[in-house]
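Fair warning: this is a prediction, and the values are worked out from it, not measured in the lab. So that the names make sense, note that chain A is the first sequence line, chain B the second, and so on, each numbered from 1.
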Amino acid sequence: MHDRYEFKAIEAKWQQRWDRDKTFKVTHQPGRAKYYVLEMFPYPSGKIHMGHVRNYSIGDVVARYKRMRGFNVMHPMGWDAFGLPAENAAMKRGIHPASWTYDNIAYMRTQLKAMGLSYDWDRELATCSPEYYRWEQLLLLRMLERGLIYRKQTTVNWCDDCQTVLAREQVIDGLCWRCDQPVLPKTMHGWFFRITDYAEELLADLDKLGGWPEKVVTMQRNWIGKSTGLACDFKVEGSDLTIPIFTTRPDTIHGVTFMSLAVEHPLLQTLTAGTGQARAVEEFIQQTLIEKQRASLDEEQDKRGVFTGRHCINPFNGERVPIYAANFVLMEYGTGAVMAVPAHDQRDFEFARAYSLPVRIVVQPEGEFLNPAVMAEASTVPGILINSGPFNGMDSLAAQQAIIEHAEQQGFGRAHVTYRLRDWGISRQRYWGTPIPVVHCDHCGIVPVPEQQLPVLLPGAGEPKGSHSPLHQQEEFIATTCPSCGQAARRETDTLDTFVESSWYFARYTSPDLTTAPLDREAARYWLPVDQYIGGVEHAILHLLYSRFFTKMLRDLGYLDVDEPFTNLLTQGMVIKDGAKMSKSKGNVVDPNDLIEQYGADTVRLFSLFAAPPERDLEWNAQGVEGASRFLNRVYRMVYQNLDCFRSDRPIDAESLNETSRQLYRKTHQTIRRVTESIESNFHFNTAISGVMELVNLTTSSVGEAENVDPAVLRQTLETVLTLLFPMVPHFCEELWQESGHPAQLNGAVWPQFNPEAAREDEITIVVQVNGKVRSKLVVAADADDQTLQRLAMADEKIARLLETKEPKKIIVVQKKLVNIVL
RNA sequence: GCGAGAGUGGCGGAAUUGGUAGACGCACUGGAUUUAGGAUCCAGCGGGCCUCGCUCGUGGGGGUUCGAGUCCCCCCUCUCGCACCA
């Protein structure tokens, strides 16, 4: 025995054994309860950071715990390996992105193994390997057939720094999510997923996600942004043109006093032609477009606009209202045209005041009298309709439906649902991604690459220094023949957004080596959905929404049988140091390598689990790591100093225990209950660990007591400590388990059995309060009844002194808790 | 502005249904051991006071209750997300 345990030797020993024996390899076993635990796979950026350590420590505890509870646990790991950093790093070093990526994977794999994480490495996958992306290309072909993918020309979000298009979800505050450079609008062709076809289901099924944090569900709900209302056509006076609008407040439609169009609205040019306003409008458009680009996003612009010289007709009352181009109307939402009701919409109100346009009240709130001449802001509350022709006197909420029905009968409008969610743009103009498997033919148009010709490989991937410029610069890649007519044709040169790969990797893990199809439906049916998914909240919208979409799409394509991919989601907090997120730029990073070198993986794992509950931010504290190390060494010494107790198999005779032994026996079982509940209810490993610490503290002091601790009790206690700690510090526990003479590995052992009889308290402490303040404590039999408690409380010396001659007004007795005497 | 979450010692954090606030750990203080240091062990550790005891104390202010960190109302601060969404 040493003073401190030799973590290096011990950790190396067990890691080698787990590797050699493939201890964590699983197969799908129909009929046996499965548990699929998954942490968001890493981007192979070079080396792991503390965020990874935390994420994977949490996942590993869950995996190991569930194994100990008898589940068939799948716990896979892989690499989100396509993406821009590889390309940039490769350019800088004059190497190929593939070699940079695979080198990083090799290194990071050794790091993960050094942490003792219980992965089934036989399921490892890398999304940049043709064995993975060929199946993604096949899925793409299926989606093309179903019309779930299409190509269109639009204004896209262009990051000049990354030289690529971004999805709307990847634009954060107007900046690129990756490089923080401003994103510019650019018109170009691109490929899109029809995620909006699934908007309604993606929204409705949020209700099924009871195991997700409310925050994430809310964020997704807002992102999808469903609005219901009226779509309605306003005829342009003196022309055949109509302007379609959408409103969520059809009840206010009689209050329309003007119409405003986004500056990008396609009708503007036509409308202004020949009105004398053409030049003014054009100038306004140009000016506004410039301002929009320049505007810092947190400040709202003043409402401004310009008259187009034209009017349109409100189909409800036949009124002619002027049409304006306005700077605050969004082309991306609704129809890009807004019926303006200044009395009941704040933006319209501000605009009307600025341009002296009429304000007409049509909803009079109960108990209020709105006066358009003096009101200072729009009134948006419900009320009674006025100035609304046949709808006068109706309740505004009821009127919404009535007005929609009226529009439908008259044929100029209809009930309409609109979403904020846009189709997902997946084209990227970069090299290191999955090639989109289609060909452009002058004669046949867009032709999918036939299935048997897959994969469409990235050119030059095999060469160490091969070219990796964007595909549109690689003539050899582009030149091909049309699969349909056989004439010369050009390959598609866009590659896929890397979020496509991460949208289905969790399903591919269920049959990672399948060479005949993307997924084995049987295996997927057994393993999916993922029971517990763990990762950072920064993916609340992007990755998690895309994965939900893919799951539904794959279900509809006949590959999967589930509606949702992740039953339970745990979003772990960030790792913080000195009050800020660890990052290279802030210079506050702690390298996990150094820590593992100095303290060992078990200590690092223990600290990261102990310092905070998983969903909260974790403040890194070097002295806290010392504490974790100290604790493990204390356990180590405690086990070694008491190895004798493992010599006998004698069962515990609960009846004949002395007080010290009885106490330890009780505490042992109370700890089993507490740790189990902490893990089961919310993965609060911090309280689980503190529970074991208490047990260890009591064990140490019990062994030091004059009264001998019963060896059978001590043995059970020590075994319990090692078993409970095993999911968190596996090498350490496995070693001590073996050293204390256990032939089987803890990995296969079952979780300790909680014995309620053993945990039962014979005597409990009752608090005695006078007027709600604690004045004394009583130690009584656990089953003492109300009368006994009351009698003992009144007889207590301190209480008696306080009461003197006063008669209690009331005495409250709470079983097993307290007695409160009210004077 | 809208939405979600949080506010407890010097610090990280504990506290079933409302029932002993501060578990566990870190830091700190004193002691033992040691040539010394480290490690280890023992004791103390929210504030105040007349220190066997009393009193104040969970962001602030009200309220409900025998009793409130926990429930209700108002306010403040912080974090995150969305943001001219018609």
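Aromatic pair F610(A)/F685(A): ring centres not closer than 6.0 Å.
For R4(A) and U40(B), the CZ to P distance is 6 Å, given to the nearest whole Å. Rounded to an integer number of Å, the gap from M219(A) CE to G81(B) C1' is 5 Å. Across the protein-nucleic acid pair, L606(A) atom CG and G12(B) atom C1' stand 14 Å apart, rounded to whole Å. Whole-Å rounding puts the F351(A) CZ to A86(B) C1' distance at 14 Å. The separation between N327(A) atom CG and C84(B) atom C1' is 9 Å, rounded to whole Å. Residue F607(A) contributes atom CZ, which lies 9 Å from atom C1' of C26(B) at whole-angstrom precision. Spacing between atom NZ of K215(A) and atom P of A4(B) amounts to 12 Å, rounded to whole angstrom units. Remark: C1' of A4(B) and CD1 of I541(A) are 12 Å apart, rounded to the nearest angstrom.
Of the two residues near RNA chain B, D345(A) and R674(A), the one whose nearest nucleotide lies more 5' is R674(A). Positionally, the nearest nucleotide of RNA chain B for G691(A) lies more toward the 5' end than for the other of G691(A) and F328(A).
In the set C26(B), C84(B), G12(B), G12(B) carries the atom at the smallest distance from any side-chain atom of E619(A). The side chain of V338(A) approaches A86(B) more closely than any other nucleotide in the set U17(B), G3(B), A86(B). For T247(A), the listed nucleotide lying nearest its side chain is A86(B); candidates were A86(B), A83(B), G13(B). Ranking A14(B), G19(B), C84(B) by closeness to the P613(A) side chain, first place goes to A14(B). When distances are taken from the side chain of R637(A) to each of A86(B), G12(B), U40(B), the shortest belongs to U40(B). The nucleotide whose nearest atom lies closest to any side-chain atom of A611(A) is, among A86(B), G12(B), C82(B), G12(B). Nearest nucleotide to the side chain of F610(A), out of A14(B), C24(B), G19(B): C24(B). Here G67(B) is the nucleotide among A23(B), G67(B), C84(B) with the atom lying nearest to any side-chain atom of N820(A). Distance from the side chain of T765(A) is smallest to U20(B) among C85(B), U20(B), G25(B). Side-chain proximity of L818(A) to G3(B), A23(B), G19(B): nearest is G19(B).
As judged by a 4.0 angstrom heavy-atom cut-off over every strand, E214(A) is placed among residues making no nucleic acid contact. Within the nucleic acid shown, V341(A) has no heavy atom closer than 4.0 Å to any nucleic acid atom. Within 4.0 Å (heavy atoms only), G627(A) reaches sugar-phosphate atoms of the nucleic acid but no base atom. Across all strands, V822(A) comes closer than 4.0 Å only to sugar-phosphate atoms, never to a base (heavy-atom distances). Residue-level contact check: P213(A) touches neither bases nor backbone, having no heavy atom under 4.0 Å from any strand. Among the heavy atoms of the strands lying under 4.0 Å from N697(A) are primed sugar atoms or P, OP1, OP2 only; no base atom is included. Using a 4.0 Å heavy-atom distance criterion, D617(A) is classed as a sugar-phosphate-only contact.
Checking side-chain atoms of D251(A) against main-chain N and O of I403(A) turns up no donor-acceptor pair under 3.5 Å. The main-chain N or O of L267(A) is found under 3.5 Å from a side-chain atom of H265(A) such that the two form a donor-acceptor pair.
Within 3.5 Å, a donor on the side chain of Q769(A) pairs with an acceptor on the base of G19(B), or the reverse. Residue-to-nucleotide contacts include no donor-acceptor pair under 3.5 Å from the side chain of K809(A) to the base of C66(B).
When the P atom is compared between U40(B) and C49(B), the two are found 35 Å apart, to the nearest whole Å. C66(B) and G3(B) have their P atoms separated by 35 Å, with the value rounded to a whole Å. The same atom, C1', is picked in C56(B) and in C71(B); the two are 24 Å apart, to the nearest Å. Look at the P atom in both C45(B) and C24(B): the space between them is 12 Å, to the nearest Å. Look at the P atom in both A27(B) and C76(B): the space between them is 40 Å, to the nearest Å. Comparing G19(B) with G67(B), their C1' atoms sit 7 Å apart, to the nearest whole Å. When the P atom is used for both G10(B) and A6(B), the distance is 23 Å, rounded to whole Å. When the P atom is used for both C11(B) and U64(B), the distance is 34 Å, rounded to whole Å.
With contacts defined as side-chain heavy-atom distances shorter than 4.5 Å, the pair V819(A)/I799(A) does not qualify. In this structure the side chain of W212(A) never reaches within 4.5 angstrom of the side chain of T571(A), judged on heavy atoms.
The side chain of R630(A) places an N or O atom within less than 4.0 Å of a non-bridging phosphate oxygen (OP1 or OP2) of A27(B). Here K810(A) reaches the OP1 or OP2 of C66(B): one of its side-chain N or O atoms lies under 4.0 Å away. Taking 4.0 angstrom as the limit, R616(A) places a side-chain polar atom (N or O) nearer than this to OP1 or OP2 of G13(B). Contact between the side-chain N/O atoms of T687(A) and the OP1/OP2 oxygens of A23(B) is not found at any separation under 4.0 Å. The phosphate of A14(B) has OP1 or OP2 within less than 4.0 Å of a side-chain N or O from N686(A).
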Base-pairing string, 5' to 3', of RNA chain B - Watson-Crick or wobble, under 3.5 Å, | interstrand = (((((((..(((......[....))).(((((.......))))).((((...))))..(((((..]....))))))))))))....
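Geometrically, K303(A) does not engage F351(A) in a cation-pi contact defined by less than 6.0 Å to the ring centre and at most 45° from the axis.
Residues E319(A) and R360(A) are paired through a salt bridge, judged by an N-O separation under 4.0 Å between the basic side chain and the carboxylate.
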Output one line per pair: protein atom, nucleotide atom from nucleotides 46-57 of chain B, and distance, for all N/O pairs under 3.5 Å.
unit_1, atom_1, unit_2, atom_2, d
U55(B), OP2, R775(A), NH1, 3.0

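Relative orientation of the H539(A) and H543(A) rings is perpendicular, given thresholds of 30° and 60° on the angle between their planes. In this structure, F246(A) and H416(A) have perpendicular ring planes: the angle between them is above 60°, well past the 30° mark.
S629(A) and T603(A) form no side-chain donor-acceptor contact under 3.5 Å, judged by distance and modelled atom types alone. Looking only at atom types and distance, the side chain of R420(A) has no donor-acceptor partner in the side chain of N222(A) under 3.5 Å away. Using modelled atom types, one finds a donor on one side chain and an acceptor on the other under 3.5 Å when comparing S776(A) with D796(A).
Applying the ring-ring contact (aromatic ring centres under 6.0 Å, His included) criterion to F316(A), with sequence neighbours excluded, gives H254(A), H406(A), F412(A).
Taking syn as a glycosidic angle within 90° of 0, G59(B) does not qualify and is anti.
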request  = Apply side-chain hydrogen bond (donor to acceptor under 3.5 Å, both in side chains) to T788(A) and D785(A), showing your working.
outcome  = CA-CA 5 Å; T788(A) 316; D785(A) 61 17; 2.3 Å; yes
